[in-house]
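Have a look at the structure below, then the notes.
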Amino acid sequence: MDTTSTFWLPGQYSTIASDVDGLFYFIYWCSVFLLALVTAAMTLFVIRYRRRGKVSLTSGFTHNTSMEIVWSVIPTIPIVVVFMWGSKTFIRMHAMPGNAVEVKVTAQKWFWSFDYPDGASSVNELVVPVNKSVKLTMSSQDVIHSFFVPQFRVKQDVLPNRYTQLWFQATARGTYNLYCAEFCGKGHSEMLGKVRVVSDSEFVKWADEQNKPPEGMSLEDFGAQLYKTKACVTCHSVDGTAGTGPSFKNVFGHEVLLADGRRVMADENYVRESILDPRAKVVNGFQPVMPTYQGVIKDRQIDAIIAYLKTLAK
Amino acid sequence: MSGKQHHHILPLSTYLSVGAALLVLTVITVAVSQYQLGEWNLIVAMTIATIKATLVLLFFMHLKYDNKLYAVAFLIAVTFLAVFIVLTMLDTMTRDEFGRGSIDKPVQYQSAPAHPGEGEEPASHDTAGHTADTADSSHK
Amino acid sequence: MQTAAATSYLHEPKGLKSWLFTLDHKRIGVMYLVAIMTMFLVGGVLALLIRTELLHPGRDIMGAETYNRMFTLHGAIMIFLFIIPSIPAAIGNFVLPLMIGAKDVAFPRLNLMSWYLYVFGALFSIYSIITGGIDTGWTFYTPYSITTGTSVISITTGVFILGFSSIFTGLNFIVTVHKLRAPGMSWFKMPLMVWGLYATAIVQVLATPVLGITLVLLILERLFSIGIFDPALGGDPVLYQHFFWFYSHPAVYIMILPGMAIISELVSTFSHRHIFGYKAIAFSSLGIAFLGFLVWGHHMFTSGQSETASVVFSFLTFFIGIPSGVKIFNWLATLYKGQISFKAPMLYTMSFLFLFTIGGLTGIFLGALSVDVHLQDTYFVVAHFHYVMMGGAVMALLGGIHYWWPKMFGKMYSEFWARIAAILIFVGFNMTFFTQFIMGTRGMPRRYYSYPSEFTGMHGFSSVGSYVLGLGFLIAVIYLIHSLFRGPVAPANPWGALTLEWQTSSPPPTDNFDYDPIVEHGPYDYDKIHVEPMK
Amino acid sequence: MSPHDTPQASPLAHHFADMEQQRDSAKLGMWVFLLTEVLLFGGLFCVYAIYRAWHPEMFFNAHKQLNVWMGATNTIVLIASSVTMALAIRSMQLNQRKPAVRFIFATLALAGVFLVIKYFEYAHKIHLGQLPGKYYTFTGLEGTNPHVFFTVYFMMTGLHGFHVLCGMGAMLWLLRRIRKGEFSAEYYTPIEMTGLYWHLVDLIWIFLFPLFYLIG
Ligand code: HEA
Ligand code: HEA
Ligand code: CUA
Ligand SMILES: [Cu+2]
């Protein structure tokens, strides 16, 4: 099925892949040639000049300057080619294209999250349009990770203290493996994701869907889905146990005691404010650590979350 | 293995005048540093320090009279130290200059956290909401 | 020649105490040999456990956390406790003074201290295993290493101590080579083994202190959060990588240069032929030692290092291929018109030539920027470094052990079993690691406890290969130990070699030579002098 | 010069041919050791260079917290101690044991003065909370990550101070051996080695002083 894959390398699905592979096979064939040369010479000599019986004085041919020069200089020629070729592609890999789909990548133990400019976001699944440059701006929440898609021949470490960038342009629709290639602890080998390359229209549709309930889904179900995909689940349970944040069970329509001693009614506006400006009203007994979702969660999605919270309140 | 050169005993005056030269250079370097000369502060201070170091090496440590091997060895060490610093700075000083977008700045941390132990939160980046789904166990 | 007489260094003086307080370089060498081989066994058993876990995706015999500890310890033990001290401290210690006709190394006390520091460092490392192991990978990258809950401090302290042990060996060798050569042993009459050890010693002395300060900074960072490498305090984790690789890249030449040094001896002795291009080989050792300091950034092409630096480091990296190639070609030319014998040491030499060429050439793949982006941190890298370390340095070590075994212990081992073991090791090695090249180029990342099922077949094959490898080593251990007790007595010069150590008895007397050695001919004058090897 | 000239049991070890070879070996060994010291400190110089280049204003502001006069005094103290050390060796070369002892004492005393001054500097810094990394609590400094300056400062001067202590230990050991009459104009290698070490300690300070106190 994978027509571009070879014995050594997986299929080529990005615009730079063929360039990388070209150099790979150039070095490969040079190496095969050199290895064959070395092995052949060795085998030939050890067989031809194997010891037969007693030893005797051997050849006094002990050095030859021109031979030394020849075998030092000749290999430098392919080496220079390899250096120039490799650097050229490398620079291409690092020169960011101007008109690219920009995605913010966040790595943490042990999953990837992707944020799109229009507010869509996803976890462990990067969805990108085919034949368009995609530029990733990446950072880590904890230790170093590394973004690696073999089929695209791209890899870049993701650092906790600054942004690193990477771009690629996928050349065919399909789903490709995404690995974490820098050791990051227990879940390192499970820090896998997918890159799903789709057509332009599918991409637009997908991004849209992230913001409104998919066809046929009720508002409540959409809220429940957002609860997971927007990571509310990290801090809020739905079964009444308090986590980093209060549980969502029996919040809506109930009175809430705030840290400053006020009591407020948890109505639509309160929930909305809690999401967009969490520090405005801090619940008693909790630290004000909830991030703001301003610009990340759209109005329509807040409606869905509210609808979902309603189902959790008795 | 070369002769009796180690019997070479320097006259008292040599040590005293080298010592005096070192003191004078110290005074000069302190004096110069009282003026703001921009770049030149660094250059002058390092030049004087290097001269002082050379005096110590040549006379106190006898490099001028001893086997040249020691001088060569010392120079090699300094060379490799220079290689280390220069090639490392080749990275640290040219990061993010090359074909990169502008957003790519180091995250600015507050000056050191005042409360030991508590300031460890990882840098918070531009927006929130990247913390999707902490998969305690939900990831395969 | 005299047989293993009571005057040999092995027998006189007697008693455990006489060994533990010995200042004799030969005894210290033997003590080192025992120590490093024990560590090799430990590291090798860990390797077999790793391979067993990787038989199938998912859990086979251990969980992810245990697996991470396994490969970290495997790497750390193999590098810091085995391969770095191996050839210089064990074999070098034994043969270097003999080869230059000296009675001992320049500072025998320092030499013994180096061994005790080694043991002390090893104890720290073992302590870290007992107190929960360590799961950072042998590279101890920050910030992982400052946040993980495992015993990072005790192992890094151990490695810090081992660093001093290594520095002392290097210092000792430099002075010994400069000052203690026998009359007539001019620089260009020294065996190439000595040149190789000398080049290695320079690297040890110049690079290891930087490892020391790096580890101190890392330990302080972990203990007190000093903010140099810790991103949470404005430190830079990539800076740590510079510090680490400034040592650890030159360190790979600490591993391979002595290996190449042994090969130079073996090629000449077993071809019974003057080494070809003596000066070229000698200077290429110095060349590799020097260039080795300029290329460390090739481990950081995808780390976020600046593009400018990456391009410069890539450029410099390729030049190491030239002096390495010079050695390979000169060894091949030595075989030409020789009289080649296929004794076990020669089998290891041929393994080395083949395997190191593969390992080195795959280093060129990794040095090429765009290709390394794809290959970095995949099994291709794992295969590369096992080809150079195991296929290069360890093969040379094994060759060296078999070559000097009669000199060290005065006994011959079974040539038949030695050849079987050498062949098994060669076959098993290629099965284990050649497969890993293919997995790597196809995208299998390293340090993975589990893996996508498409790799199951190749991982399984690799694991089976490692069992063959293990079997080869088992046989080697058995016949070598057997030879100590039952082996025939070795003559002074079983191989018909011309270097000085073969002129004294096997094993040598405590003062190395019963007479003041005088250098009358070059170490490789097989075109002028006739010495008949044993049998 | 033969080993028999020395009054005590011969200091010539069995594996050396003569005193000259032994002395040369010791000296070369010492120089090689000094190389490792250069690279050990070198790592910290590298840290200094990089962080200074990253945050020049911060380094400039922070360096003003150091007391130039204390630093300068210490520089002078160390230079003086280098002179006395060199003179101690010279006395021994001339076989003048008494002056040698006196010069070593002087060197020790100067090293002590150095450490006392360092102690007052440290105490002041600790008092103000100008400490490395997360222990940094001082608030009067502008610029990014001023705690890094103090990390580097304490690491480098601390390692240097540790070397001063080791040097003092070596001198005490020398004094003991001189007392026992082990040295003479023919054999004084340990004094010479300690001298080389001590000059290196001085040499490193010669760079530390301007880097921290004068230009930051
Ligand atoms: C004994 C140890 C040893 C040796 C000798 C080498 C030798 C070389 N290594 Fe290797 N290397 C390691 C041990 C070693 N390496 C280890 C342990 C790692 C991984 C560390 C980790 O991440 O855990 C590593 C990783 C590593 C990387 C980083 C990979 C990555 O993480 O992305 C690179 C990249 O450039 C590299 C390159 C080289 C090169 C160019 C050589 C050269 O010295 C090879 C020179 C030899 C030849 C080229 C062959 C013979 C020459 C000829 C036949 C002549 C003709 C050929 C030419 C002129 C090209 N090595
Ligand atoms: C010298 C270095 C060295 C050596 C010799 C080996 C030897 C072996 N290594 Fe090692 N390996 C490393 C250095 C080394 N390794 C390093 C540095 C890493 C990286 C760690 C990291 O990522 O942090 C690594 C990682 C590593 C991995 C990758 C783990 C991962 O990324 O997930 C694997 C997997 O297959 C592996 C396998 C093996 C095997 C099967 C052997 C076999 O060759 C072992 C065979 C040996 C034996 C079976 C022991 C037998 C010995 C005796 C019986 C004693 C002999 C005594 C006498 C002859 C007297 N190693
Ligand atoms: Cu994340 Cu590995
Ligand atoms: Cu390297």
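What you see is a predicted model; the values in this text were computed from it and never measured. Lettering of chains follows the sequences in order, A, B, ..., and the numbering in each one begins at 1.
More than 12 heavy atoms of other residues, nucleotides or ligands sit less than 6.0 Å from atom CZ of Phe188(C). A 6.0 Å sphere centred on CG of Leu12(B) holds more than 12 heavy atoms belonging to other residues, nucleotides or ligands. Heavy-atom neighbours of Phe290(C) CZ from other residues, nucleotides or ligands within 6.0 Å: at or below the threshold of 12. For Trp187(C), the CH2 atom is densely surrounded, since the number of other residues' heavy atoms within 6.0 Å is greater than 12. Enclosure of atom CD in Gln34(B) by more than 12 non-hydrogen atoms of other residues, nucleotides or ligands within 6.0 angstrom is indicated.
Contacts of Leu81(B) with chain C are absent, with no heavy-atom separation under 4.5 Å from either backbone or side chain.
The structure places CD1 of Ile76(B) at 6.5 Å from CD1 of Ile202(C), a figure rounded to the nearest 0.5 Å. Atom CZ of Arg95(B) and atom CG of Asp236(C) lie 4.0 Å apart (nearest 0.5 Å).
Looking at every heavy atom in both residues, Leu90(B) comes nearest to Ala309(C) through CD2-CA, 3.8 Å. Between Leu87(B) and Leu294(C), the shortest heavy-atom contact is CD1-O, 3.7 Å.
Ring planes of Phe80(B) and Phe293(C): tilted class, angle from 30 to 60°.
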Give the table of side-chain donor-acceptor pairs shorter than 3.5 Å for residues 204-218 of chain C, with sequence neighbours excluded, one pair per line with atom names and distance.
residue	atom	partner	partner atom	Å
Gln204(C)	NE2	Ser166(C)	OG	3.0
Thr208(C)	OG1	Gln204(C)	O	2.4
Thr214(C)	OG1	Val210(C)	O	2.5

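Residues from residues 240-249 of chain C that place a non-hydrogen atom less than 4.5 Å from a non-hydrogen atom of chain B comprise His242(C), Phe243(C), Phe246(C), given in numerical order.
Side chain of Asp91(B) to backbone of Gln305(C): no donor-acceptor contact under 3.5 angstrom is found.
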